[in-house]
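What you are looking at is a predicted structure, and each value in this text was computed from that prediction instead of being measured. Below, each value reflects all heavy atoms present in this structure, side chains not excepted, and no hydrogens, waters or symmetry copies.
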Amino acid sequence: MAISTGFAFSCRPHFPLSQSMRKVFMSCSAAIEAIEEIDSGKEPAEWKRFNSKELGISSSMIARPTRVVLNGLKSKGFEVYLVGGCVRDLILKRTPKDFDIITTAELKEVRRTFSHCEIVGRRFPICHVHVDDEVVEVSSFHTSGIRPVRNLGLSFEKPVDCDEKDHFRWRNCLRRDFTINGLMFDPYSKLIYDYMGGVDDIRKAKVQTIGPASFSFIEDCARILRAIRIAARLGFRFGRETALSIKNLSSSVLRLDRGRLLMEMNYMLAYGSAEASLRLLWKFGLLDILLPIQAAYFVRHGFRRRDKRSNLLLSLFSNLDKLVAPDRPCHSSLWVTILAFHKALSDQPRDPLVVAAFSLGVHNGGDLSEASSIAKRISAQHDGSFHEMESRDLDLAALKEEVVELATSVQRALTNMTDEYSVSRAMANYPKAPYSDLVFIPLALYLKACKVCQCVRMGREKGFVAKQGSKIDYELLASGSLQEVRHVFARIVFDTIYPLNTGEDDT
C-alpha cells in the first residue's frame with residue numbers, strides 16, 4: 001500500500017503553489033523597490049594580490065587529479081587557475097568538496113589535451129576531465145566570456161592599476177556569487193588574486209554577495225540556498241544586507257525545479273553541516289517552505305528562530321555530521337530516512353529500548369529476536385531530554401511488537417513526506433507559516449529510503465550478511481549501499497538515544 005501510494009504521488013498532476021508564488025512575486029517587488037534607494041554606482045574595488053604561502057597554502061593541499069589537469073594544461077602553454085570555493089577552503093585549511101579550474105585554453109583544446117575528457121552543458125559548457133575515477137571540472141575564459149556580466153542597473157568600475165590580464169580575471173570574478181568565492185589562485189606563480197574583498201571577508205567570517213544582495217538573489221535565487229549552505233558549513237555570519245535579502249526573498253526558491261532543490265538540500269544535509277543548515281533554514285523562514293513537516297515540529301515545541309537549544313531532530317543530524325564530511329558525504333537516502341524516523345517518533349513517542357532494538361534490527365537485517373534480547377540487556381542511561389522518549393515497562397513480546405510498529409510508522413512517515421496533501425497539512429495549525437505543498441523527494445529516492453527499515457517490518461532478510469566491524473566505507477556510503485546506509489543510520493540512532501560520554505570516533 002505504501003509503495004503504491006508512492007507511485008501515486010509521482011504520477012499525480014502538480015497543482016500550482018498559488019499562495020507561495022504570490023509571495024514570491026510580492027517579495028521580489030518589495031526587494032526591487034528597496035534596491036531603487038541604493039546608489040547604482042559602485043566605487044572601484046581596492047583589489048589585492050596575495051602570496052599563497054602567506055595564506056598557508058601549499059601545492060600538497062591540491063588533490064592529485066586536480067594537479068594532473070593543472071600540469072597538463074600548463075605544459076601546453078595555457079594559463080590555469082583554481083577558482084571559487086576551493087580557494088576559500090584552502091585558505092581556511094579545509095578540505096574542498098571539489099576543485100574547479102579555469103583556463104585560457106578553449107574547451108576543444110582542453111579536450112585534445114586529455115584522452116578521457118568530454119564537453120558537457122549546452123548553455124554554459126565546461127569540460128569534465130576523468131582522472132583516477134574522479135571528475136575534474138574545467139571551464140574556459142573564452143566560454144565564460146560569452147556570459148553577460150551582471151547588469152541589473154548597476155555599474156561596476158574595474159579596479160585601479162588593473163592591466164589587461166587583471167581585467168580579464170576581474171570580469172570573471174564579477175560573475176560569481178559571493179565575495180569569498182570570487183578568488184583566483186595561480187598555483188605556479190603562487191599568487192591569489194582578490195578583486196572582490198574575499199580574503200577580508202574570510203578573515204571576518206562573513207558571507208556577502210558581490211554587488212547588492214537583492215539584485216544578486218533576484219538574478220539567481222539558488223544563491224539563497226548556497227548562502228545558507230556556505231554559512232552553515234563554515235560557521236560564518238551574513239552581512240546585514242545579505243541577511244535581510246535572504247529573509248525578504250526566501251519564497252523565491254520555489255522557482256527552482258525539484259531536482260535543483262534536492263541537490264541543494266543534499267549539499268546541506270549530507271556533507272557534515274546538517275544541524276547548522278537546519279538551524280539557518282529555520283531562522284530565515286526557509287524550513288517552512290522546504291521541509292514544512294519539520295518546521296511544524298519546531299513550532300509545536302516552541303522552538304524560536306534564534307533558539308540555541310537542541311532537540312531530537314537536531315541531535316540526530318548533529319550525530320550524522322560527526323560521521324560525514326565534504327570529502328566523505330553520505331547518500332541522500334540516509335538523511336531522508338533520518339527525517340522519516342524522527343517524524344515517526346514525533347508522532348508517537350516510544351520507550352528508549354524500543355528505539356534501541358529498532359536500530360539494532362536495522363543493523364542486523366531484521367533479526368528482532370537478537371535485537372530485542374540485546375536491547376533488554378542495556379544498562380546505560382538514555383538521554384531523557386527528548387520529548388519523543390516515553391519510558392514504559394515492556395516484556396520481550398511487547399518490545400518486539402512496538403519495534404515493528406515503529407518501523408511501520410517510519411514507512412508511513414516516508415509516504416507522507418512525499419505526498420503533497422500530507423505536506424500541506426503539516427502547517428495547517430500554524431496560520432502564520434507560509435503555505436507549502438512542496439515535494440522534492442523523487443520516487444526513486446523514496447523507494448531507496450523505504451528499504452533501509454523494511455527488514456524490521458518484514459522480518460529477517462534471506463541471505464543477509466552482517467557488516468563486520470564498525471569502520472565506515474565512505475565510498476559505499478556515498479553510492480547508497482544498503483548495508484552501509486543501514487550501518488550508519490543504526491549507529492546515529494543508537495548513539496543519539498544512548499550517547500557515549502567517552503571514547504574516540506573510530507571512523
Side-chain angles (χ1 to χ4, degrees), residues 17 19-20 23 228 232 247 250-251 253-254 261 265 268-269 274-321 335-352 354-355 358 382-392 402 405-441 449 453 492-493 496-497 499:
L17 302 177
Q19 295 183 44
S20 293
K23 186 171 182 180
I228 296 287
K247 286 183 178 179
S250 59
S251 295
V253 300
L254 288 165
L261 288 171
M265 289 301 297
M268 290 187 209
L269 302 182
E275 182 193 3
S277 295
L278 289 172
R279 286 183 181 274
L280 285 176
L281 289 171
W282 174 241
K283 178 179 178 180
F284 287 94
L286 285 153
L287 197 69
D288 311 4
I289 299 167
L290 298 170
L291 294 173
I293 289 175
Q294 285 65 42
Y297 165 75
F298 280 3
V299 172
R300 190 162 60 249
H301 292 288
F303 202 75
R304 300 183 183 279
R305 296 291 185 185
R306 296 180 179 273
D307 218 318
K308 300 297 184 184
R309 293 177 298 157
S310 193
N311 53 44
L312 180 56
L313 178 64
L314 293 174
S315 296
L316 287 165
F317 278 101
S318 175
N319 281 325
L320 170 63
D321 290 340
W335 58 261
V336 169
T337 306
I338 292 173
L339 289 175
F341 166 75
H342 175 263
K343 168 62 176 169
L345 275 186
S346 178
D347 289 343
Q348 176 62 60
R350 301 282 178 179
D351 186 281
V354 172
V355 179
F358 170 80
H382 72 275
D383 190 326
S385 65
F386 302 132
H387 298 286
E388 296 82 352
M389 296 295 100
E390 189 177 87
S391 296
R392 298 166 55 201
E402 288 216 13
E405 287 179 7
L406 176 56
T408 302
S409 296
V410 174
Q411 172 72 46
R412 187 183 308 117
L414 276 168
T415 301
N416 289 340
M417 284 167 53
T418 51
D419 177 78
E420 291 171 358
Y421 177 74
S422 298
V423 170
S424 67
R425 290 293 301 166
M427 301 301 285
N429 295 327
Y430 313 106
K432 291 184 180 180
Y435 171 88
S436 176
D437 64 356
L438 177 64
V439 172
F440 57 81
I441 299 172
C453 304
I492 290 167
V493 169
T496 302
I497 305 304

**Prompt:** Hey, are the side chains of Lys283 and Leu278 touching, using non-hydrogen atoms and a 4.5 Å cut-off?
**Reply:**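 No, side chains not in contact.
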
**Item:** Sub-4.5 Å side-chain heavy-atom contact between Leu261 and Leu438
**Value:**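 They are in side-chain contact.
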
**Prompt:** Which of these, Arg304, Arg305, Arg309, sits in a salt bridge (Lys or Arg N to Asp or Glu O under 4.0 Å) with Asp307?
**Reply:**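 Testing each of Arg304, Arg305, Arg309 against Asp307, the sole residue satisfying salt bridge (Lys or Arg N to Asp or Glu O under 4.0 Å) is Arg309.
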
With no hydrogens and no angle check, do the side chains of [X] and [Y] hold a donor and an acceptor under 3.5 Å apart?
{"X": "Asp351", "Y": "Ser391", "value": "no"}
{"X": "Glu388", "Y": "His342", "value": "yes"}
{"X": "Ser310", "Y": "Ser315", "value": "yes"}

Any idea which heavy atoms bring [X] and [Y] closest together, and the distance?
{"X": "Asn416", "Y": "Ile293", "value": "O-CD1, 4.2 Å"}
{"X": "Gly285", "Y": "Ser250", "value": "O-OG, 4.5 Å"}
{"X": "Met417", "Y": "Val336", "value": "CE-O, 3.9 Å"}
{"X": "Ala274", "Y": "Asp321", "value": "N-OD1, 2.8 Å"}
{"X": "Pro352", "Y": "Met389", "value": "CA-SD, 3.9 Å"}
{"X": "Leu414", "Y": "Ala340", "value": "CG-CB, 3.5 Å"}

**Prompt:** For the atom pair CZ (Phe317) and CD (Glu275), what is the distance rounded to the nearest 0.5 Å?
**Reply:**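 Reported value, rounded in 0.5 Å steps: 10.5 Å.
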
**Leu312 side, atom CG; Leu316 side, atom CG - distance, nearest 0.5 Å** =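 Between atom CG of Leu312 and atom CG of Leu316 there are 4.5 Å.
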
**Asked** Checking side-chain contact (heavy atoms from CB on, under 4.5 Å) for the pair Arg350/Glu390: CA distance, chi angles, key distance, verdict?
**Response** CA-CA 5 Å; Arg350 301 282 178 179; Glu390 189 177 87; over 6 Å; no

**Item:** Contacts of type ring-ring contact (aromatic ring centres under 6.0 Å, His included), residue Phe298, not counting sequence neighbours
**Value:**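 Listed in chain order: Trp282, Phe303.
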
**Message:** Tell me which one of Leu339, Leu286, Leu313 satisfies side-chain contact (heavy atoms from CB on, under 4.5 Å) with Leu291.
**Reply:**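 Only one option passes, and that is Leu339.
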
Main chain of [Y], side chain of [X]: is a donor-acceptor contact present, judged purely on distance under 3.5 Å?
{"X": "Asp383", "Y": "Pro499", "result": "no"}
{"X": "Ser409", "Y": "Glu405", "result": "yes"}
{"X": "Thr415", "Y": "Gln411", "result": "yes"}

